[in-house]
Amino acid sequence: MATEAKAHELIVSVSPHVRGQETVARIMWTVNLSLLPAFIMSVYYFGPLAAFVTGLCILSAVLSEHIYQTSLKKKSTIGDGSAFLTGLLLGLNLPPSVPFYIPIVGSVIAIVITKLLFGGLGYNVFNPALIGRAFLLISFPKLMTIWSEPTAQFVAMDAKTTATPLGVLKEEGLAKLIEIFGDKTDLYMSLLMGSRAGSLGETSAIALLIGAALLLYRGYITWHIPFSFIATVGVMAWAFGGQAGLFTGDPLIHILSGGLILGAFFMATDYVTCPSIRKGQIIFGIGCGAITMMIRLKGGFPEGVMFAILLMNCFAPLIDRGVKSKKFGAVKEQKEQKK
Amino acid sequence: MSLKPKSNWELIKNGMFGENTIFRMAISLCPSIAVTNGMKNGVALGISVVFVQTMVNMTVSLMRKFIHPKIRIPIFMLVIAGYVTIIDLLMATYARPIYKEIGLYIQIIVAFASIFARAEVYASKNKVFSSMCDGLGMGIGFLLAMVVISFFRELLGKGTLFGYPIVSGSPLLIMILPAGGFLAVGLLMGFFNWIDMRFFGGKGASGV
Amino acid sequence: MTGKDMIKITVNLVVIYVIGGLIMAYVYAKTSPIMFIKAKEEKEAALKLMMPEADKIASLGSWEPHEKHAEYYAARKCGELKKVSVTDEKTGKVKEDTECVDPQDIGYIVEGYGKGYSSYIHVLASVDKDFIVKKISVLGHGETPGLGDEIEKDYFLNQFEGRTVDTLVVIKGETPDKIQAITGATISSRAVTEDGVRNGVKLLKEKLSGEVQG
Amino acid sequence: MSKTATFERGIHPKYRKELAAGKSITQANLPQRIVVPVSQHIGAPAKPEVNIGDEVKRGQVIGSTTGFVSSPVHSSISGKVTAIADFPTSVGKMVQSIVIESDGKDEAISFKEHPDYMNLSADEIKTIIKDAGIVGMGGAAFPTNVKLSPPKEKTIDTVIINGAECEPYLTADHRLMVEHPREVVEGLKIIMKSLGVKEGHIGIEENKPDAIKAMESAISGEANIKVWPLEIKYPQGAEKMLIKAVKGREVPSKGLPMDVGVVVQNVGTALAVYEAVRFGKPLLERVVTVTGNGIREPKNMMVRIGTLMSDVIEQCGGLVDGAVKVISGGPMMGFAQWTLDVPVVKGTSGILVLAEDEYVSSDQYSACIRCGSCIDVCPMGLNPSILSIYSEKGFYEDAKANNLFDCFECGSCAYVCPAKRPMVQFIRLAKSQVKP
């Protein structure tokens, strides 16, 4: 019988026999794609140097993963796009004008020490790109806090240095910040479009939001972390950020400046290092927001998103352990036990 | 620890490599991170530990038949605290510049798990001379670990060794901060474990 | 626990603690005088460095910045230094010493603490009789290595000479007559300048300006 | 029509029901030979009542019950017993089976009809159902008479007929409801009578509008029976999910539907109950959906129990060249076959042949990236991600502490996992390593 002849070629495996279309690589490359607008805006404002810095980060991240894995005779996983993403995020988190060795050092730390030494994608405790950046910021504090002025021409080679809005806010107050940008509306517009000093990819809120919308639409991220993160920052900025006492702060400035939008949508939501249960994600977001504002208002650094996310990364497994998703049939069980 | 009695040289070697306090036993890590941002400090604390460890082991071994087992812990505590106080006073008097930098950590030697552990595990059960060798080995092992860690941290973090400039350029500042201490200890621990597995069959005692 | 055990434990503890106590007491007795003298000498040397031209430095009183004990001193120059022989009362030895005749205040030294980035910074500042800063020095701190610890560097400390209470202000960036902050360590710079030195000089002014003018 | 009912979470796989949904049920050819495993159900296996060489007729009992939770087996053809030995079955186990060669006459024993079946007592009904060898035909194959005999302390107030058929591809229940709605309703009424229950429900997923229409017209006049259109979502047809959707009751952890006063029966079972009680016919045949891109002519066929799968596939035109996988049951919970010489049994709801384009390999999987997709879809509200990690690392007790045994292996987590981890396999491994 024809059927018998076929039988020995049949694949035997466990159920389910059909699978969804999502793969890790597909998710990662989509996230990479969603960062494209922010990347374009960074080149627009900070010139070809921005592309060079980001490109170098990506290149060294991918290369270091490949070299590490092949030299240990493991399968190279650069195809899944996560090393590319780490490089890209690190690049977008660097100031525009850094010496060439900074992206390389940062990428190697991010990929080799933060990710691969812990066992590779899925086992890392901290967000690799953020550890890379934290390492650089602490190691080269001066080089990592030189901010270029945006030029909006795609060409700037050596721009003037200036302070970030949060730096001005911390050192000289809101009045001075508004004075620099003209008036309040100009300030908001500049923050929204990205015409301000800051890390390469963090400046343009609008470009980041376009990318975030893609991720939200595809369901790769949910509203829980970004919303709770940003809302906490907003509320705390409004409550404690004003000079005239409680509840006089300007939440919009705190939300739009610094790396909040980039961090909340693209880095706090990193699957591996955030809680996987939705309720836990809200706690995680609130924690990130609260630590961010504590650092911004009371700490030594003008910006706190990076350290906030890294600190909350530590708590992610704990949150996952403490928070349980609503279990089917659990309510009845408890009632019966009480009887 | 093997049950076979070890020769005195083996005891010292064991303390230095096989059961190295920091890299193999992973105890007394706080000082290894706090003090190792410069070789000067690291070496000074290491030498103090060699002294305290050896003396404590000897003293405890001497008294081991006299001490009632129920109160051995407070007695060990007193012995350790006594030696630490003595070394603390001596340093404060005759080595003031170093004392200013690491005086705080000298007093912390009282709470070192490694010293207490050796008094309890080894010295309270063995003869004076072998206890001394064990203490010496453990102390030297700790000293070596401090030297290795502080070597990398000072070189990478400041570009100097014992304060003398070695390399120019902007150093990795993080290495002399506490975070860099964790990084250095972790990576070195991994490195020594790898060496152990690669060349010595992954057994506890490497015995170089 | 038997009675024998109780006795043994008691004897154990008493003997060992007494011996231990005695040894420690002996070491302490031997070292503490030397330690005390050395500490005093160190402090005097530090004060002397602040105002090398002064012959005598005398404590005027103390204050408590950040709830820490700190003193302020008058630096005096003698009209004449007379050589005298002093007989030590206990030992009976005769020592050469100097006696200050007609001392004149030529300035003041104040000890202060500034709340820095990660520690309290212990500073000394010397001023002349018009409360213009002559020199400052950092005695101790726990600021970030590589950033905050640049407050010990000369390029920062040298800026203080000639500053008054009004110009002891930290500015980010170049400044002709004020204190330029260390790049990346504004908080530490401020702590030294505004919290430590300026408050110290202010204190001196409050306490002493009456005396000087009068 | 009421609002669409459903449960929390779940997934939306590609249903692919269009392959066979429009095909009316056709009678399969009389098989040359049948292989009847004595254990086609959950519980004690039946004891063979015939010897090699015996002549048997259609409907004759060839294996009798051996306990309370057990079910007899019958011959579905007339012929001669040629072997009693272990044969492979569709779940992968070797089971003692009775092989009967057909004599081509298809002679039947006489069946005892009950035209006045609604006047039978509850016990009489249960006896008939038991003797007819009826088991749950949705796949689990739990003896029906046992389900209809709950312990005294449990009060049953509701019977739900499960017409959800949430497994992709399968259309057997769908066709039954379209073609025999009246019989299904009568079956439901018999079941309700045997339990002394006043309330009956029929849950059907919304992607079967013709079935919903047919059932609604069939229940007209029955005041206490209601048809529920259900949201199209897997695993809508799991007992606990169905009860939640229809009655809003949650079956407690480690509990059974009867703990919340509900009995759920499959559409096919209801039909079998009706035929057994009304016509005295034992369970001799069932509807099997033969479908998938790997089969030439997808069909819904009435197949005699014991017919070999290869025989059935032959009647559907055979396999296409690119066929890679043959599954007994649905794609989410069915069993992949290594040979086609296994019999169709009472619980075989479908034969699914996947072609290369439908097959997603799960040989290569990577570490869990903690995306949380599986948590979002787990109908039981578990954390499959952590269960699979515990199992992978050998921490089976930890897995147990995380409600391992609430999992009913619906496969939703494995379906959505982007790292393609074999979640269900990990969970089964853990379940096998610790006691509940």
Side-chain angles (χ1 to χ4, degrees), chain B residues 34 36-38 41 55-56 59-60 62-97 99-101 103-104 110 153-154 156-160 170-181, chain C residues 1-46 117-119 122 138-150 152-153 182-185 188:
Chain B
T36 50
N37 56 7
N41 300 354
M55 296 309 285
V56 165
T59 316
V60 167
L62 266 176
M63 300 191 301
R64 70 185 189 279
K65 299 224 169 87
F66 177 63
I67 303 170
H68 192 280
K70 282 228 155 84
I71 50 159
R72 66 186 195 286
I73 304 286
I75 303 271
F76 294 168
M77 225 51 243
L78 175 94
V79 173
I80 297 169
Y83 281 113
V84 170
T85 311
I86 290 167
I87 205 170
D88 183 58
L89 288 169
L90 289 175
M91 270 188 117
T93 313
Y94 301 110
R96 288 191 68 80
Y99 182 75
K100 269 190 184 158
E101 300 230 9
L104 195 64
V110 173
R153 287 186 68 190
E154 189 175 351
L156 292 173
K158 285 189 208 157
T160 62
S170 51
L172 290 168
L173 203 54
I174 193 172
M175 292 310 290
I176 48 172
L177 299 176
Chain C
M1 209 187 285
T2 62
K4 208 180 150 194
D5 277 343
M6 296 275 273
I7 293 166
K8 197 177 174 198
I9 287 173
T10 317
V11 172
N12 260 201
L13 284 174
V14 168
V15 170
I16 292 172
Y17 275 72
V18 164
I19 295 176
L22 284 175
I23 294 173
M24 275 187 263
Y26 175 76
V27 176
Y28 181 73
K30 279 285 170 198
T31 53
S32 68
I34 309 172
M35 211 157 53
F36 181 74
I37 292 165
K38 283 203 171 171
K40 208 176 147 195
E41 279 170 0
E42 270 166 24
K43 188 156 192 183
E44 275 169 8
Y117 179 63
S118 54
S119 65
H122 190 185
V138 176
L139 294 183
H141 71 88
E143 297 300 279
T144 322
L147 279 182
D149 72 351
E150 303 230 335
E152 284 184 322
K153 296 264 169 81
I182 297 161
T183 325
S188 306

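The basis for the numbers below is simple: all heavy atoms, side chains too, and nothing from hydrogens, waters or symmetry mates. Lettering follows sequence order; numbering is per chain, from 1. What you see is a predicted model, and the numbers here were worked out from it, not measured in a lab.
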Sequence neighbours excluded, the answer for salt bridge (Lys or Arg N to Asp or Glu O under 4.0 Å) partners of C/K38 is none
Applying salt bridge (Lys or Arg N to Asp or Glu O under 4.0 Å) to C/E42 and not counting sequence neighbours gives B/R96, B/K100
Turns out that what part of B/Y94 lies under 4.5 Å from chain C's heavy atoms comes down to both
Applying a strict 4.5 Å limit to non-hydrogen atoms, the region of B/L89 in contact with chain C is both
Side chain to side chain donor-acceptor pair (under 3.5 Å) filter on B/T160, not counting sequence neighbours, yields B/E154
Heavy-atom pairs under 4.5 Å with chain C are the metric here; pick the option from [options] that has the most.
| options | answer |
| --- | --- |
| B/L90, B/I75, B/V79 | B/I75 |
| B/N37, B/I67, B/T59, B/I176 | B/I67 |
| B/T85, B/L173, B/I86, B/T93 | B/T93 |

If one checks every heavy atom of C/I23 against chain B at 4.5 Å, the contacting part turns out to be side chain
Bottom line for C/Y17: the part with an atom under 4.5 Å from chain B's heavy atoms is both
Those residues of residues 29-37 of chain C that come under 4.5 Å of chain B on a heavy-atom basis, listed by number, are C/T31, C/I34, C/M35
dist C/I16:CD1 -> B/L78:CG (nearest 0.5 Å) comes out at 7.5 Å
In terms of heavy-atom contacts, C/N12 and B/F66 come closest through ND2-O, 2.9 Å
query: So B/K70 and C/D5, side-chain contact (heavy atoms from CB on, under 4.5 Å) or not? Walk me through it.
result: CA-CA 9 Å; B/K70 282 228 155 84; C/D5 277 343; 5.6 Å; no
